[in-house]
S.K.: 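Sharing a structure below in C-alpha cells format, with a few things to ask.
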Amino acid sequence: MIDKTVASLEEAVAGIFDGATVMIGGFGTAGQPAELIDALIAQGAKDLTIVNNNAGNGEIGLAALLKARRVKKIICSFPRQADSHVFDALYRAGEIQLELVPQGNLAARIQAAGAGLGAIFTPTGYGTLLAEGKETREIDGKHYVLEYPIKADFALIKALQGDRWGNLVYRKTARNFGPIMAAAAATTIAQVSEIVPLGALDPEVIVTPGIFVQRVVAVSGAASARVA
Amino acid sequence: MIDKTVASLEEAVAGIFDGATVMIGGFGTAGQPAELIDALIAQGAKDLTIVNNNAGNGEIGLAALLKARRVKKIICSFPRQADSHVFDALYRAGEIQLELVPQGNLAARIQAAGAGLGAIFTPTGYGTLLAEGKETREIDGKHYVLEYPIKADFALIKALQGDRWGNLVYRKTARNFGPIMAAAAATTIAQVSEIVPLGALDPEVIVTPGIFVQRVVAVSGAASARVA
Amino acid sequence: MNKLTRDQMAERVARDIPEGSYVNLGIGLPTKVANYLPKDREIFLHSENGLLGMGPAPAPGEEDPELINAGKEPVTLLDGGCFFHHGDSFAMMRGGHLDICVLGAFQVSKKGDLANWHTGAPDAIPAVGGAMDLAIGAKKVFVMMDHLTKSGECKIVERCGYPVTGIDCVDRIYTDLAVIDVTPDGLVVLEMVEGLDFDELQRLTPVPLTLAA
Amino acid sequence: MNKLTRDQMAERVARDIPEGSYVNLGIGLPTKVANYLPKDREIFLHSENGLLGMGPAPAPGEEDPELINAGKEPVTLLDGGCFFHHGDSFAMMRGGHLDICVLGAFQVSKKGDLANWHTGAPDAIPAVGGAMDLAIGAKKVFVMMDHLTKSGECKIVERCGYPVTGIDCVDRIYTDLAVIDVTPDGLVVLEMVEGLDFDELQRLTPVPLTLAA
C-alpha cells in the first residue's frame with residue numbers, strides 16, 4: 001500500500017541537503033507553509049537556493065529561515081515589502097544573492113520545469129533591465145525574451161486537504177504557487193490541515209494529482225487559516 | 001448584467017466566418033461538442049482550419065463537417081482511426097491538408113497560445129519526421145524542437161455545467177482539450193448540459209474561468225453522456 | 001485650475017471601464033478605482049494571486065488571511081468568482097485576456113513606455129512583482145498618475161529616465177490635469193480639468209501634445 | 001524453444017513494475033500488462049486523455065462514454081484517481097513524472113531509437129497521437145514486441161528502417177524470446193526463454209548482444 005503521509009514535520013523535511021534548491025509556496029503569508037519552514041530551520045540544511053514570490057515577512061516563516069543564515073540565494077519577484085527587513089539587511093550587507101524575476105516569468109519558468117520544456121519565449125520583461133543579456137526574438141511582430149525553466153530539488157507547499165496518494169486541494173488564494181511548484185520539484189512536501197481517506201476527494205476537483213507529491217504531513221487545522 | 005448564455009445553437013455559432021481557424025474539443029467522441037458542430041454545418045462557414053485531436057469518427061460530428069467539405073486543413077495528432085473513413089478518403093484524394101502534430105505538442109502549442117508565449121522548446125518529436133525543417137537546440141544536454149503557438153478564432157467545446165459569466169466544469173475524461181482550447185481562442189463557445197445560476201459552481205472547482213468563454217448554450221442533458 | 005484629487009482621478013478612470021470588462025487594478029492608487037465602478041455595471045476584477053470576480057473589502061472581523069488581493073489586503077469573492085493557481089493567473093495576463101489594466105507610474109514616455117517598478121537608485125532594493133506582466137499583457141493599459149512630480153517635473157517624458165517596466169505599452173494616461181491617449185501619431189489630449197487650457201497643459205508637458213478633434 | 005505468448009509477455013513486464021510506480025501503458029499489446037499487475041501492489045495507471053488512477057474495464061452495462069482510456073475503450077477510476085486536462089496530462093509525460101511507460105514497437109535500434117508510429121509507406125495516413133511524448137517523457141521506457149516479424153526479420157536493428165518515434169529513448173526491450181536492456185555499452189540480455197541459448201539469440205539478432213553478468 002502506498003502511503004505518502006508522514007507522521008511528523010521532522011520526517012517531512014528529512015533529507016533536504018545543503019545546497020539544495022527549495023521552492024516555497026505562498027504569496028506573502030497566504031499559502032506559506034510556515035510549519036514546514038520552521039521544521040526546515042530545525043533540520044539545519046544550509047546554502048539553500050530558495051524560490052518564492054517574496055523574500056519573507058516579519059521575523060517568521062521564510063524570514064526566519066533567512067535570519068538563520070541558511071539561504072545563499074533567493075529567486076523571487078517581490079523581495080521588498082513593508083516588513084521585509086530581514087531580507088533587506090542581508091541584501092544590503094551583500095550576504096544574500098537575489099535573482100529578481102517578473103512574477104509571471106517566475107510562474108511560467110516553474111511551469112516549464114514541471115512540463116519538461118527546455119525554454120520559453122515570453123514577452124514579459126522585454127526591453128527592461130531584467131532582460132539584459134538575455135536572448136530575444138521577434139515573433140509575429142512582437143518581442144520576446146528567452147527564459148529557462150526553474151527546477152527544484154524540493155518544494156514545500158501548503159494545501160487544505162490531502163490523501164495518502166498525495167492528492168491535494170487548496171483553500172482560496174492560498175492556492176497560488178502550490179500546484180505549479182509541486183510539479184517542478186523532484187520531492188514535493190505538502191503540509192495540509194487534514195488528511196482524508198482515499199476517495200474522499202472528488203476526482204473532478206483534485207487540483208494537484210498525487211503524481212506531483214511525495215510527502216504529506218498534517219498540521220493542526222487552525223494553523224491553516226491563521227496569519228502565519 | 002453580463003449574460004453569456006445564448007438561447008440557441010444557431011446563435012451560438014453565429015459569426016464563424018469562412019477561412020476561420022476553429023478548435024474543436026474532444027478526444028474521439030468524449031468531449032466532442034456534437035451539437036455545436038451540427039450547428040456549424042448548418043451555419044455554412046467554409047474553408048475552415050480545424051484543430052482537434054482526431055479527424056472525425058464515423059459520419060457524425062467532426063466527420064460530418066469534413067464530409068460537407070467545409071474543412072481546408074486539419075491540425076491533429078491522430079487522424080487515422082478504425083472509423084475515420086471520411087477523412088481518409090478526402091486525404092487520399094488530396095482534398096484536405098493535414099498538419100500532423102504529436103499530441104503533447106498540440107496541447108503545449110494550444111497552451112502557449114492561451115498563455116501568450118511566443119514559442120516553446122519541446123523535447124517531443126526531436127529527431128523525427130515531424131520535426132524536419134524545424135529549429136532545434138540542445139539545452140542542458142537534452143535536445144529540443146522550437147514550436148509555435150496555435151491560436152484560433154473560435155473554439156467549440158463541451159462542458160457539463162456553465163453559468164452566465166461563462167464559468168465551466170467538465171465531466172470525467174470529456175474534459176480533455178476543453179480548458180486549454182478555451183484559453184487559446186478569441187471566441188470560445190461552450191455547449192453545456194445545464195446552465196446553473198451564478199454562484200452555484202463552487203469557486204474552488206471551476207475548471208474554466210469565465211474570462212476564457214464568450215458564449216454558453218445549453219443542450220439537452222441526455223446528449224451530454226451519449227456516444228455522439 | 002481645479003486639479004483632480006486622487007479620488008476624482010479614480011472616479012474618472014472608472015467611468016471608462018465598460019460593463020463586462022476583465023480588469024486588473026494595480027497596487028496603490030489604481031486600487032481606488034474599484035470604489036467608483038458603477039454599481040449597475042458587472043465588471044470582473046482580476047487579482048494576480050489567483051482570483052477573478054474579486055469583491056470589496058470584507059466587513060471588519062470577516063477578514064480571511066487566505067482571501068487577499070495582490071496588495072495582500074483582505075478582499076471578498078463575488079458569486080461567480082473563482083480561484084486558480086499562479087500559472088493560470090499570469091496566463092490570463094500574458095495571454096491578452098484582460099481587457100484593461102490600470103497602473104500607477106513614475107513616468108510614461110511619449111511612445112508609451114512605462115516606468116513604474118524601480119527608481120534606479122543604486123541603493124534601492126528592486127522588486128517587480130507582476131508589474132511587467134501587466135504592462136505587456138492587457139488589451140488596454142491605463143496609467144494613473146499626477147501630471148507633475150512634487151518638485152514640478154512632468155511625469156510624461158520624451159524618454160523614461162527610470163528603468164522601464166515595459167516598452168510601448170501604455171494606451172491612455174489619466175493625470176490630475178488631463179486624459180491623454182498614446183497614439184501612433186503622438187499624445188492626444190482628450191480632456192483637461194476645468195480652468196486649464198491646452199497651451200498651459202503643453203507648457204507643463206515637455207513632449208508635443210495635440211488636442212483631440 | 002518456448003516463445004512467450006502475448007499474455008506471458010504482459011505478465012513478464014508486469015513483474016518489473018514496482019509498487020507505487022506511475023505507469024502509462026500504450027495502446028495495443030501494452031494494455032494487456034494491466035491484467036497482470038499484482039493485486040497486492042498499488043500502481044498508478046495514467047492515461048493521456050486526462051486520468052490518473054485508471055481502474056479495470058467496467059462491468060457490462062456500466063460503460064460511460066466519457067470515461068475512456070487512450071484507446072477510447074471504457075475504463076473505470078479507482079478511489080484516489082482524478083481527472084485533468086490535456087495540458088496537465090502531457091506535462092506529466094513530458095516533464096518526466098511517469099516512472100515507466102510501456103510501448104509497442106515496429107523496431108528498436110541498438111542505441112534505443114524507437115520506431116512505432118509510422119510504417120513510412122507512401123500511401124499510409126500518418127497518425128502519431130501521444131507516442132512521441134511517451135517515448136521521450138517517462139523515466140523508463142519499456143518496449144514490448146515480438147523478436148521477429150512474421151517474415152522472420154529481427155525487430156531489434158542496427159538503425160531503424162521505419163521513421164523513428166524518439167531517439168535514444170528505450171531502456172528495456174521485452175520480446176517473446178528475451179528481456180534486453182539498452183545500455184551505453186550496448187544491448188545486454190537479462191533473460192531468455194526456456195530452450196533458447198545465447199548463441200541462438202545472437203544469431204537471430206543482427207546487432208551485438210552481451211549476456212548480463
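Order of the sequence lines fixes the chain letters, A, B, ..., with proteins taken first and strands second; residue numbering starts at 1 for each chain. Note that the structure is predicted; figures quoted are calculated from it, not measured.
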S.K.: Measuring heavy-atom distances to chain D, does B:Ala174 have an atom under 4.5 Å in its side chain, in its backbone, in both, or in neither?
M.R.: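 For B:Ala174, the contact with chain D is made by backbone and side chain together.
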S.K.: Could you tell me which portion of B:Leu98 (side chain, backbone, both or neither) has an atom closer than 4.5 angstrom to a non-hydrogen atom of chain D?
M.R.: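 Only the side chain of B:Leu98 comes within 4.5 Å of chain D.
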S.K.: Of all heavy-atom pairs between D:Ile68 and B:Ala30, which one has the smallest distance, and what is that distance?
M.R.: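 Looking at all heavy atoms of both residues, the shortest contact is CD1-CB, 3.7 Å.
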S.K.: Under 4.5 Å between any side-chain heavy atoms of B:Gln111 and D:His85, yes or no?
M.R.: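 Yes, close enough: below the 4.5 Å cut-off.
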S.K.: If you look at every heavy atom in D:Arg94 and B:Ala108, which pair is closest and at what distance?
M.R.: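 Closest approach of D:Arg94 to B:Ala108: NH2-CB, 3.4 Å.
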S.K.: Run the ring-centre check on B:Phe27 versus D:His86 and record whether the distance is less than 6.0 Å.
M.R.: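 Yes, close enough.
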S.K.: For D:Asn69, is it the side chain, the backbone, both, or neither that has a heavy atom closer than 4.5 Å to a heavy atom of chain B?
M.R.: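 D:Asn69 touches chain B through backbone heavy atoms alone.
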S.K.: Chain D: which of B:Thr124, B:Thr122, B:Ile110, B:Leu106 shares the most heavy-atom pairs with it under 4.5 Å?
M.R.: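 The residue among B:Thr124, B:Thr122, B:Ile110, B:Leu106 with the greatest pair count is B:Thr124.
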S.K.: Would you mind reporting whether D:Asp168 and B:His143 have side-chain heavy atoms less than 4.5 Å apart?
M.R.: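 A side-chain contact is absent here, since even the closest heavy-atom pair is not under 4.5 Å.
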S.K.: Please list every donor-acceptor pair under 3.5 Å in which a side-chain atom of residues 55-69 of chain B meets a protein atom from a residue at least two apart or in another chain.
M.R.:
from: B:Asn57; atom 1: ND2; to: B:Gln81; atom 2: OE1; distance (Å): 3.4
from: B:Asn57; atom 1: ND2; to: B:Asp83; atom 2: OD1; distance (Å): 3.1
from: B:Glu59; atom 1: OE1; to: B:Lys67; atom 2: NZ; distance (Å): 2.5
from: B:Glu59; atom 1: OE2; to: B:His85; atom 2: NE2; distance (Å): 3.0
from: B:Arg69; atom 1: NH1; to: B:Glu95; atom 2: OE1; distance (Å): 2.5
from: B:Arg69; atom 1: NH2; to: B:Glu95; atom 2: OE1; distance (Å): 3.4

S.K.: Within the supplied structure, the quantity of interest is the number of heavy atoms (other residues, nucleotides, ligands) at a distance under 6.0 Å from B:Asp140 CG; does it exceed 12?
M.R.: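 It does not: B:Asp140 CG has 12 such atoms or fewer within range.
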S.K.: How far apart are the C-alpha atoms of B:Leu100 and D:Trp117, what are their side-chain angles, what is the distance that settles it, and do they pass the side chain to side chain contact (heavy atoms under 4.5 Å, CB included) test?
M.R.: CA-CA 12 Å; B:Leu100 189 72; D:Trp117 74 283; 3.5 Å; yes
S.K.: Provide the closest heavy-atom pair for B:Gly127 versus D:Val164 in the form atom of the first, atom of the second, distance.
M.R.: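 It is O-CG2, 3.4 Å.
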S.K.: Identify which part of D:Ser47 has an atom lying under 4.5 Å from any heavy atom of chain B, answering side chain, backbone, both or neither.
M.R.: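 When you check distances to chain B, no heavy atom of D:Ser47 falls under 4.5 Å.
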S.K.: Please flag which part of D:Phe83 lies under 4.5 Å from any non-hydrogen atom of chain B: side chain, backbone, both or neither.
M.R.: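 Both parts, heavy atoms under 4.5 Å.
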S.K.: Between B:Asn54 and D:Lys72, which heavy-atom pair has the shortest distance, and what is it?
M.R.: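 Shortest heavy-atom contact: ND2-NZ, 2.9 Å.
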S.K.: What part of B:Phe87 gets within 4.5 angstrom of chain D, counting heavy atoms only: side chain, backbone, both, or neither?
M.R.: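 The side chain, not the backbone.
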S.K.: Is it true that a side-chain atom of B:Thr173 and a backbone atom of D:Glu66 form a donor plus acceptor pair closer than 3.5 Å?
M.R.: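 Side chain of B:Thr173 to backbone of D:Glu66: a pair is present.
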S.K.: Do D:Ile125 and B:Arg92 touch side chain to side chain, with heavy atoms closer than 4.5 Å?
M.R.: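 Counting from C-beta outward, D:Ile125 and B:Arg92 do come under 4.5 Å.
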S.K.: Is any side-chain heavy atom of D:Phe90 closer than 4.5 Å to a side-chain heavy atom of B:Gln103?
M.R.: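 Counting from C-beta outward, D:Phe90 and B:Gln103 do come under 4.5 Å.
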S.K.: Decide yes or no for D:Val128 and B:Leu130: does some side-chain heavy atom of the first lie under 4.5 Å from some side-chain heavy atom of the second?
M.R.: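 Side-chain contact under 4.5 Å: yes.
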S.K.: Nearest 0.5 Å, what's the OG-CD distance between B:Ser77 and D:Glu48?
M.R.: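 Rounded to the nearest 0.5 Å, the OG-CD separation comes to 7.0 Å.
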S.K.: For a quick check under 3.5 Å, do D:Asn49 and B:Lys172 share a side-chain donor-acceptor pair by atom type?
M.R.: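 No, no side-chain donor-acceptor contact under 3.5 Å.
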S.K.: Of the backbone (N, CA, C, O) and the side chain (C-beta and beyond), which part of B:Tyr91 lies under 4.5 Å from a heavy atom of chain D, both, or neither?
M.R.: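 Side chain only.
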S.K.: Please look at B:Val101 and chain D and tell me whether the side chain, the backbone, both or neither of the residue comes under 4.5 angstrom of a heavy atom of that chain.
M.R.: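 Contact with chain D: backbone only.
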S.K.: Determine, for B:Arg171 against D:Asp64, whether the closest basic-nitrogen to carboxylate-oxygen distance falls under 4.0 angstrom.
M.R.: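 Salt bridge between B:Arg171 and D:Asp64, a charged N being under 4.0 Å from a carboxylate O: yes.
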